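To keep things clear, I will list the structure first and then write my remarks on it.
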Amino acid sequence: MIDIELLRGDPEKVKKGVADKQFDVSLIDKALQLDKKRRERLQEVENLRANRNKFAKEKNIEEGKRVKAELQKLEPHLEEAEKSFNEVFNQIPNSPLPQVPVGKSDKENVEVRRWGEPRKFDFEPKDHLQLGKNLGILDFETGAKVAGSQFYFWYGDGALLELSLIQFAFEILSKEGFVPVITPDLAKARYYMGTGYLPRGKEAQTYEIKNEDLGLTATAEVTLAGKHADEVIAEDKLPLKYIGYSHCFRQEAGAYGKYSKGLYRVHQFTKAEMFIYCKPEESEAMHEHILAMEEKIYQELALPYRVLEMCTGDLGAMAARKFDIEAWMPTRGEYGEVTSTTNCTDYQARNLNIRLKRKDGKTESLHMLNGTAIATSRTPLAILENYQQADGSVVIPDVLRKWMGKDRMVVGSK
RNA sequence: GGUGAGGUCGCAUAGUCCGGUCUAGUGCGGAGGUCUUGAAAACCUCUGUAGUCAUUUUUGGCUACCGUGGGUUCGAAUCCCACCCUCACCGCCA
């Protein structure tokens with residue numbers, strides 16, 4: 001949620017952010033109106049409670065009974081008013097940072113830079129599904145048999161590739177002060193909702209567990225954000241930097257289209273995710289830091305990529321600023337998303353009640369950021385397609401060889 | 001899964017049987033002060049969070065919060081119900 005003081009103090013500013021994000025601007029006036037109503041009811045109820053407490057202290061049982069009856073009538077009105085307010089208020093998205101390019105949709109995202117040259121093939125490159133099948137390392141048929149469509153098995157060098165990529169990311173990032181964490185793959189509703197992963201509706205992302213207040217997490221962001229919920233963190237403990245490992249589960253309801261085949265869009269993958277809690281004044285630098293780490297990873301893997309900054313219309317509710325890295329995907333003939341890093345500023349922190357305590361004792365909401373290091377669906381896709389050879393083998397990127405124990409995946413090996 | 005103990009204002013602990021004197025005591029930690037050449041010690045004072053109203057800053061009033069959610073009562077940390085979590089032991093198990 002946004003800062004309510006900002007809403008009351010400068011509604012026009014909030015409106016601009018909401019409009020730039022292509023959200024419904026009428027939310028603002030509605031929220032202000034409901035806020036006013038809510039506060040009126042709150043005054044009524046609090047005055048009655050003050051009376052109740054006074055009579056209780058005086059042991060004035062008659063008057064106490066009278067006030068009690070009145071309270072029983074008015075308290076539901078207050079509850080109702082707060083519920084209506086929260087419903088609208090929680091729909092107001094985070095404001096974009098001022099330097100974010102304004103645009104209506106993903107078509108207006110801005111390319112920031114490119115790194116590396118897409119490889120020129122002197123043969124017809126195969127897609128990762130064909131390569132994986134020929135090498136005997138990737139099997140969607142058996143995945144569909146056992147778990148349904150868009151599930152898969154990795155075998156042999158494919159399984160080793162996933163493990164190597166995670167090792168590689170953890171090695172780089174732990175050297176940079178990110179604390180390695182292995183997180184639960186399930187979380188309570190409060191946490192996946194608080195981080196913005198919706199279980200139902202047109203774009204449901206989370207799978208829910210029957211008869212439990214639990215869902216499969218779509219990313220370790222959920223658990224790493226939940227980790228410090230309801231905490232007050234001393235200023236000198238910040239920034240907290242984590243590199244989390246988890247399996248990620250996505251319903252991908254309604255997500256179909258030309259890139260829905262193969263590893264680009266799957267229901268389960270493994271991910272190494274960066275997560276940072278920091279002071280508001282350092283969050284932009286931390287965002288750059290995460291992006292720099294992501295670029296370092298793809299440079300060391302020698303995968304050509306470009307960096308994209310999301311325009312206001314493509315930020316979603318949580319983000320104040322967001323960058324994606326897109327790696328070159330040869331059989332598509334274009335770049336495809338492999339990482340995403342978001343500065344949520346204080347929006348998530350307010351949802352999860354996470355605060356920072358300054359040296360002078362004052363508390364305020366802190367800033368929270370996340371970013372993909374490696375997702376073991378799309379990164380192996382890019383490696384298979386970019387590193388393939390004419391004979392159907394796939395060269396292993398230098399930095400992964402120490403964990404793979406070999407320099408090439410060949411047909412017939414395991 | 002079973003049995004037992006427990007969850008209290010940063011940390012630790014008292015209070016819960018017997019509801020009002022708990023506007024939650026004490027110790028530690030933190031801030032300020034006295035004393036001192038300086039420091040330590042001692043002593044004194046202050047020290048939770050959120051909301052809301054009033055106020056020029058300051059500040060003050062009120063409300064809520066003793067794991068969570070309900071209930072009983074004029075009044076609940078305290079009584080009742082349900083749930084969650086922690087610890088110990090038992091069972092099962094990689």
Side-chain angles (χ1 to χ4, degrees), chain A residues 1-9 11 31-90 92 159 163 182-194 208-215 217 222-223 225-238 240 245-247 270 277 279-280 346-366:
Chain A
M1 64 186 86
I2 63 160
D3 183 358
I4 194 164
E5 297 297 334
L6 186 67
L7 177 70
R8 290 175 187 155
L32 282 170
Q33 211 178 335
L34 289 168
D35 179 45
K36 189 162 167 260
K37 195 167 189 178
R38 168 189 145 252
R39 285 195 281 175
E40 284 165 10
R41 300 240 155 122
L42 184 65
Q43 279 307 298
E44 291 172 2
V45 167
E46 288 196 344
N47 285 338
L48 282 174
R49 283 179 184 161
N51 281 336
R52 177 196 61 191
N53 293 347
K54 187 170 63 115
F55 292 136
K57 204 167 284 181
E58 294 166 356
K59 298 191 186 159
N60 186 340
I61 294 172
E62 280 312 303
E63 283 299 298
K65 280 189 175 167
R66 193 181 58 72
V67 172
K68 184 182 185 176
E70 241 178 299
L71 263 174
Q72 277 170 346
K73 214 165 54 193
L74 288 181
E75 272 174 337
H77 293 183
L78 173 62
E79 257 173 64
E80 198 184 300
E82 290 196 316
K83 204 176 142 213
S84 323
F85 167 72
N86 285 331
E87 249 163 50
V88 174
F89 183 62
N90 288 332
I92 300 175
L163 296 173
I182 296 177
T183 66
D185 288 339
L186 291 91
K188 295 179 186 174
R190 178 184 174 205
Y191 302 105
Y192 58 74
M193 301 290 279
E208 293 178 298
I209 305 293
K210 206 173 184 177
N211 299 328
E212 301 261 8
D213 176 33
L214 282 174
T217 56
V222 171
T223 41
K227 176 172 156 48
H228 292 290
D230 299 317
E231 288 184 12
V232 180
I233 299 170
E235 180 176 19
D236 56 16
K237 295 247 167 62
L238 298 172
L240 291 170
Y245 168 96
S246 82
H247 297 107
T270 306
Y277 295 82
K279 294 186 266 191
D346 56 1
Y347 194 83
Q348 259 181 357
R350 228 177 256 110
N351 287 349
L352 294 167
N353 188 28
I354 308 175
R355 283 164 299 160
L356 134 75
K357 192 178 200 116
R358 297 286 189 180
K359 288 203 181 76
D360 65 7
K362 295 228 167 67
T363 56
E364 62 187 286
S365 291
L366 47 69

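Just so it is clear: chains get the letters A, B, ... in the order the sequence lines come, proteins before strands, and each one is counted from 1. Small disclaimer: the values here were computed from a predicted structure and weren't measured.
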Here the pair of heavy atoms bringing A:Met1 nearest to A:Arg350 is O-NH1, 3.2 Å
For A:Tyr245 and A:His247, take the angle between the two ring planes, folded into 0 to 90°, and tell me which bin it lands in: parallel under 30, tilted 30 to 60, perpendicular over 60. perpendicular
Within residues 41-51 of chain A, those residues having any heavy atom closer than 4.0 Å to RNA chain B are A:Leu42, A:Gln43, A:Glu46, A:Arg49, A:Ala50
How is A:Asn53 classified with respect to the nucleic acid when contacts are heavy atoms under 4.0 Å: base, sugar-phosphate, or nothing? sugar-phosphate
Regarding A:Lys68, tell me which of base, sugar-phosphate or nothing describes its non-hydrogen contacts under 4.0 Å with the strands shown. base
B:U26 and B:G15: how far apart are their C1' atoms, nearest whole angstrom? 11 Å
Please state the C1' separation for the pair B:G7 and B:U13 - nearest whole angstrom. 13 Å
side-chain contact (heavy atoms from CB on, under 4.5 Å) with A:Phe89: which of A:Leu7, A:Leu34, A:Leu32? A:Leu7
If the C1' atom of B:U47 is compared with that of B:G27, how far apart are they to the nearest Å? 15 Å
Holding to side-chain hydrogen bond (donor to acceptor under 3.5 Å, both in side chains), I want the full list of residues that pass it with A:Glu364, two or more places apart in sequence or in another chain. A:Arg358
Determine which nucleotide pairs with B:U55, using a 3.5 Å limit on both distances of a Watson-Crick or G-U wobble pair. none
Nucleotide opposite B:A40 in a Watson-Crick or G-U pair, distances under 3.5 Å: none
Using a 3.5 Å distance criterion without hydrogens, assess whether the side chain of A:Asn353 forms a donor-acceptor pair with backbone atoms of A:Ala229. no
Pairing partner of B:U63 (Watson-Crick or G-U wobble, both distances under 3.5 Å): B:A50
Is it the case that atom NZ in A:Lys37 sees more than 12 heavy atoms from other parts of the structure closer than 6.0 Å? no
Give me the distance, rounded to whole Å, that separates B:A76 from B:G20 when you measure between the P atoms they each carry. 11 Å
On a whole-Å scale, what distance lies between the P atoms belonging to B:A40 and B:G33? 13 Å
Base paired to B:A31 (Watson-Crick or G-U; both N/O distances under 3.5 angstrom): B:U45
Does A:Lys57 reach a base, just sugar-phosphate, or nothing at all? Heavy atoms under 4.0 Å. nothing
Counting only Watson-Crick pairs (N1-N3 plus N6-O4 or O6-N4) and G-U wobbles (N1-O2, O6-N3), all under 3.5 Å, who is the partner of B:A88? B:U3
Could you please spell out the steps behind the salt bridge (charged side-chain N to carboxylate O under 4.0 Å, His left out) verdict for A:Arg66 and A:Glu63? CA-CA 5 Å; A:Arg66 193 181 58 72; A:Glu63 283 299 298; 2.9 Å; yes
Look at all strands and tell whether A:Arg8 reaches a base, only sugar-phosphate, or nothing, counting heavy atoms closer than 4.0 Å. sugar-phosphate
Pairing of A:Lys83 and A:Glu80 as salt bridge, 4.0 angstrom limit: no
Watson-Crick or G-U wobble mate for B:C79, both contacts under 3.5 Å: B:G71
Check every strand shown and say whether A:Arg355 touches a base, only sugar-phosphate, or nothing at a heavy-atom separation below 4.0 Å. sugar-phosphate
Please check this pair: side chain of A:Tyr191 against backbone of A:Leu186, looking for a donor-acceptor N/O pair closer than 3.5 Å. no
With both distances kept under 3.5 Å, what pairs with B:C9, Watson-Crick or G-U wobble? none
Could you please name the partner base of B:A94, counting Watson-Crick and G-U wobble pairs only when both distances are under 3.5 Å? none
Atom CD of A:Gln33 with >12 non-hydrogen neighbours under 6.0 angstrom: no
Remember a base hit wins even if backbone is also touched, and classify A:Arg190 as base, sugar-phosphate or nothing at under 4.0 Å, heavy atoms. nothing
If I pick the P atom on B:C74 and the same atom on B:C85, what distance separates them, to the nearest angstrom? 35 Å
Please find the earliest and latest nucleotides of RNA chain B, in the 5' to 3' direction, that have an atom within less than 4.0 Å of any heavy atom of chain A. B:G20 to B:G75
Quantified in whole Å, what is the P atom distance between nucleotide B:C11 and nucleotide B:G29? 16 Å
Rounded to whole angstrom, note down the P distance from B:A41 over to B:G32. 15 Å
Lys/Arg-Asp/Glu bridge criterion (N-O < 4.0 Å) met for A:Arg52, A:Glu70: no
